[in-house]
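Each remark here refers to the structure printed beneath this line.
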Amino acid sequence: MEGLKRVPVREQAPKVRAANFEEVCLGYNQEEAVEEAKRCLQCKKPFCVQGCPVAIDIPGFIGKVVEGDFAAAYQILSDSSSLPAVCGRVCPQESQCEGKCIRGKKGDPVSIGKLERFVADWAKENGIKPKKADKQNGKKVAVIGSGPAGLSCAGDLAKWGYDVTIFEALHEPGGVLTYGIPEFRLPKDAVVKPEVENVKSLGVKLETDVIIGKSVTIDELFDEEGFSAVFVGSGAGLPMFMGIPGENANGVFSANEYLTRSNLMKARLDDYATPMPVSKKAVIVGGGNVAMDAARTALRLGAESHIVYRRSEAELPARAEEVHHAKEEGVIFDLLTNPVEILTDDKGWVRGIRCIRMELGEPDASGRRRPVAIEGSEFEIEADAVIMSLGTSPNPLISSTTAGLDVNKRKCIVAEAETGKTSKEGVYAGGDAVTGAATVILAMEAGRAGAKGIHEFLSK
Ligand SMILES: Cc1cc2nc3c(=O)[nH]c(=O)nc-3n(C[C@H](O)[C@H](O)[C@H](O)COP(=O)(O)OP(=O)(O)OC[C@H]3O[C@@H](n4cnc5c(N)ncnc54)[C@H](O)[C@@H]3O)c2cc1C
């Protein structure tokens, strides 16, 4: 039947891309985008919009693509999203907009993410920028962190005329988009930097190398720097470890550190001096998206790359597309396997990892079947690098230097979902700093909610 299948998107071949850091997905060209856009049924009650955390007018922008009016499509996108080129690439569309698309009932859902990406890329190539505020209101707002939450909050506030300054601890803006997600999924120069520049084009100021809680505190931002409100979008960058013997050995990394070295500090490029372990065989512990990114990075850096995960394939928390791409490229999956010790040589370097085989028992509190160790099944995997990818939590620096800012027992800032309001007057928060590690689009939704909360607070 007509329209059941989506227009396929071109990708680099697995064997070719496993040896480079170029983007895997090549996106739609103009003809392909228009053809795919025509599959949209323009539903009167669009469920796709309900599935989008930032409520993009999806039929609206896709309708403009059908007409070939890509500039108008971009303005519709940028009314709701400060980072459409990013979201078109990394959002879990299959469980959000595309998961709700009526087309999906009898065939493939419309490729909403790929269309969003096409429009945002077209706007960049044609120098189209989001619309600026007509006039300034003179009120100063500080945004802590330049990840998706901070950028999205800053973008909305600037559009409403606020004088916004983002303070970022690192030397480059973008948060996880810059230091975490690898180049082959999210190119930095071609995608992340231009979207950050778009936010700056709205009048947002950006100060890098400023660590709030060390360089200056939140109270000083209010009392000495003249800010009337603060949004905290400082993310969840503190890695977790297993607490097994050998975890302090040379050659053991958190996934965040490993990816930061490769992305932000450019260890993947020959002309950068950032040290990276010369790894012949890397073991990545964990089964989430971050583990897939670390495994695919290690592979591209020349290692045999193994994912070690204690449950089975059905429970892998990573997106199906990421697992599929990792397998196609040659990542090896050691499932139902749990590390018990990291083995070292006499100089303290990793030489392997001792694991135990697991089987699945009864479901636990998460609803997933609990992995149970099989007695006597221990075995060793040789490796010269071990990358721990077990999740992250918020860094307590800001909460520990800000009197009156409540956090929960996981050190996440307590904030209202609809407004980002925290326990401290004038301080709003959102994104991973509040929820713990989540997704780009949820961080953006929280950034928008924080902007709304701050606007209400400062309009009183
Ligand atoms: C490797 C990896 C891959 C991922 N892949 C995906 C994906 O494909 N799709 C998806 O939707 N999500 C993905 N995620 C999750 C997603 O990136 C995060 O949920 C999202 O970036 C959170 O946004 P945020 O703005 O809250 O925090 P972050 O992106 O973490 O940004 C926080 C920023 O605050 C800065 N900061 C921290 N403390 C301070 C301070 N004291 N002073 C000043 N600045 C500070 C940090 O340096 C950072 O730049 C991935 C995460 C990782 C780690």
With a cut-off of 3.5 Å and sequence neighbours excluded, list every side-chain donor-acceptor pair involving residues 13-27.
from, atom 1, to, atom 2, distance (Å)
R17, NE, E329, OE2, 2.6
R17, NH1, Q12, O, 3.0
R17, NH1, E328, OE1, 3.4
R17, NH2, E328, OE1, 2.6
R17, NH2, E329, OE2, 3.4
N20, OD1, Q12, NE2, 3.2
N20, OD1, E22, N, 2.9
N20, ND2, Q12, OE1, 2.8
N20, ND2, V16, O, 3.4
E23, OE2, R89, NE, 2.8
E23, OE2, R117, NH1, 3.0

Using atom types as modelled, flag every donor-acceptor pair under 3.5 Å from a side chain in residues 408-415 to any protein atom, sequence neighbours excluded.
from, atom 1, to, atom 2, distance (Å)
N408, OD1, R410, N, 2.9
N408, OD1, K411, N, 3.3
N408, OD1, C412, N, 3.0

Which atom pairs, donor and acceptor, lie under 3.5 Å between side-chain atoms of residues 168-175 and protein residues at least two apart or in another chain?
from, atom 1, to, atom 2, distance (Å)
E168, OE1, S146, N, 3.0
E168, OE1, S146, OG, 2.8
E168, OE2, L170, N, 2.8

Please table the atom pairs, donor to acceptor, closer than 3.5 Å between any side-chain atom in residues 265-274 and protein atoms at least two apart or in another chain.
from, atom 1, to, atom 2, distance (Å)
R268, NH1, S262, O, 2.8
R268, NH1, N263, O, 3.4
T274, OG1, M265, O, 2.5

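Checking side-chain atoms of E195 against main-chain N and O of A85 turns up a donor-acceptor pair under 3.5 Å. No donor-acceptor pair closer than 3.5 Å links the side chain of D293 to the backbone N or O of P182. Although no hydrogens or angles enter the test, the distance criterion places no donor-acceptor pair under 3.5 Å between the side chain of K129 and the main chain of G127. Between the side chain of T337 and the main chain of L335, a donor-acceptor pair closer than 3.5 Å is present. Remark: the backbone N or O of N338 is not paired with any side-chain donor or acceptor of R310 at under 3.5 angstrom. Formation of a donor-acceptor pair under 3.5 Å by the R311 side chain with backbone atoms of L316 is not found in this model. Listed for the R357 side chain is no donor-acceptor partner under 3.5 Å among the backbone atoms of L336. A donor-acceptor distance shorter than 3.5 angstrom exists from the side chain of E247 to the backbone of G243, with no hydrogens or angles considered. Remark: side-chain polar atoms of S215 are not paired, donor with acceptor, to backbone N or O of V210 under 3.5 angstrom. In this structure, the side chain of S305 does not engage the main chain of A298 through any donor-acceptor pair within 3.5 Å.
Two residues are said to be in side-chain contact when any heavy atoms from C-beta on lie closer than 4.5 Å; I112 and C48 meet this criterion. V143 has its side chain out of reach of F167: every pair of non-hydrogen atoms, C-beta onward, lies at least 4.5 Å apart. A 4.5 Å side-chain heavy-atom check between I212 and S234 finds every atom pair outside the cut-off. In this structure, the side chains of V350 and D384 stay at 4.5 Å or more apart for every pair of heavy atoms. Put simply, the side chain of I381 reaches to within 4.5 Å of the side chain of V308, judged on heavy atoms. Side-chain contact check for C52 versus I58: some heavy-atom pair is nearer than 4.5 Å. Taking the side chain as every heavy atom from C-beta outward, V110 and L115 approach each other to under 4.5 Å. In this structure the side chain of M292 never reaches within 4.5 angstrom of the side chain of V290, judged on heavy atoms.
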Could you go through I144 and F231, starting from their C-alpha distance and side-chain angles, then the distance that decides it, and tell me whether this counts as side-chain contact (heavy atoms from CB on, under 4.5 Å)? CA-CA 6 Å; I144 304 172; F231 176 81; over 6 Å; no

Verdict with reasoning, E11 to H325, per side-chain contact (heavy atoms from CB on, under 4.5 Å): CA-CA 10 Å; E11 288 182 344; H325 277 152; 3.1 Å; yes

side-chain contact (heavy atoms from CB on, under 4.5 Å) between M358 and I374, intermediate numbers included: CA-CA 5 Å; M358 311 293 280; I374 303 173; 5.7 Å; no

Full working for side-chain contact (heavy atoms from CB on, under 4.5 Å) between V232 and I398: CA-CA 9 Å; V232 186; I398 288 181; 4.0 Å; yes

With salt bridge (charged side-chain N to carboxylate O under 4.0 Å, His left out) as the criterion, how do K280 and E382 come out once you've worked through the C-alpha distance, each side chain's angles and the decisive distance to 0.1 Å? CA-CA 10 Å; K280 292 197 186 73; E382 236 180 76; over 6 Å; no

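How far CG of L157 is from OH of Y428: 11.0 Å, rounded to the nearest 0.5 Å. The line from OG1 of T217 to CD1 of I211 is 14.0 Å long, rounded to the nearest 0.5 Å. Separating the CD1 atom in I353 from the CD atom in E341 is a distance of 9.5 Å, to the nearest 0.5 Å.
Residue-environment remark: CD (E220) exceeds the threshold of 12 foreign heavy atoms within 6.0 Å. Around CZ of F47, the count of heavy atoms belonging to other residues, nucleotides or ligands within 6.0 Å does not exceed 12. Other residues, nucleotides and ligands contribute over 12 non-hydrogen atoms within 6.0 Å of the CG atom of D364. Atom NZ of K100 has 12 or fewer heavy atoms from other residues, nucleotides or ligands within 6.0 Å.
A pairwise comparison of heavy atoms in N256 and T260 identifies O-OG1, 2.6 Å as the closest pair. Here the closest non-hydrogen pair linking A295 and I284 is CA-CD1, 3.6 Å. Here the closest heavy-atom approach between residue P194 and residue A190 is recorded as CG-O, 3.4 Å. In terms of heavy-atom proximity, T297 sits nearest to Y258 at CG2-CE2, 4.0 Å. Across all their heavy atoms, I342 and V386 have their closest contact at CD1-CG1, 4.0 Å. For the pair I387 and A294, the tightest heavy-atom approach, listed with the atom from each and the gap, is CG2-CB, 4.0 Å.
Each side chain to side chain donor-acceptor pair (under 3.5 Å) pair with one or both residues in residues 386-401, not counting sequence neighbours, would appear here, but there are none. Listed by first then second residue, pairs satisfying salt bridge (Lys or Arg N to Asp or Glu O under 4.0 Å) with a partner in residues 435-451 read D156-R448, not counting sequence neighbours.
Salt bridge annotation for R261-E257: present, with a cationic side-chain nitrogen under 4.0 angstrom from a carboxylate oxygen. In summary, E94 and R319 engage in a salt bridge, as defined by a charged side-chain N under 4.0 Å from a carboxylate O. Between E36 and R39, at least one side-chain nitrogen of the basic residue sits less than 4.0 Å from a carboxylate oxygen of the acidic one, meeting the salt-bridge criterion.
F70 and F118 have their aromatic ring centers within a separation under 6.0 angstrom.
Judged purely by distance below 3.5 Å, without hydrogens or angles, the side chains of E322 and H324 never pair a donor atom with an acceptor atom. Looking only at atom types and distance, the side chain of E315 has a donor-acceptor partner in the side chain of S312 under 3.5 Å away.
Remark: R354 is not positioned above the aromatic ring of F379, lacking an NZ or CZ atom under 6.0 angstrom from the ring centre and at most 45 degrees off the axis.
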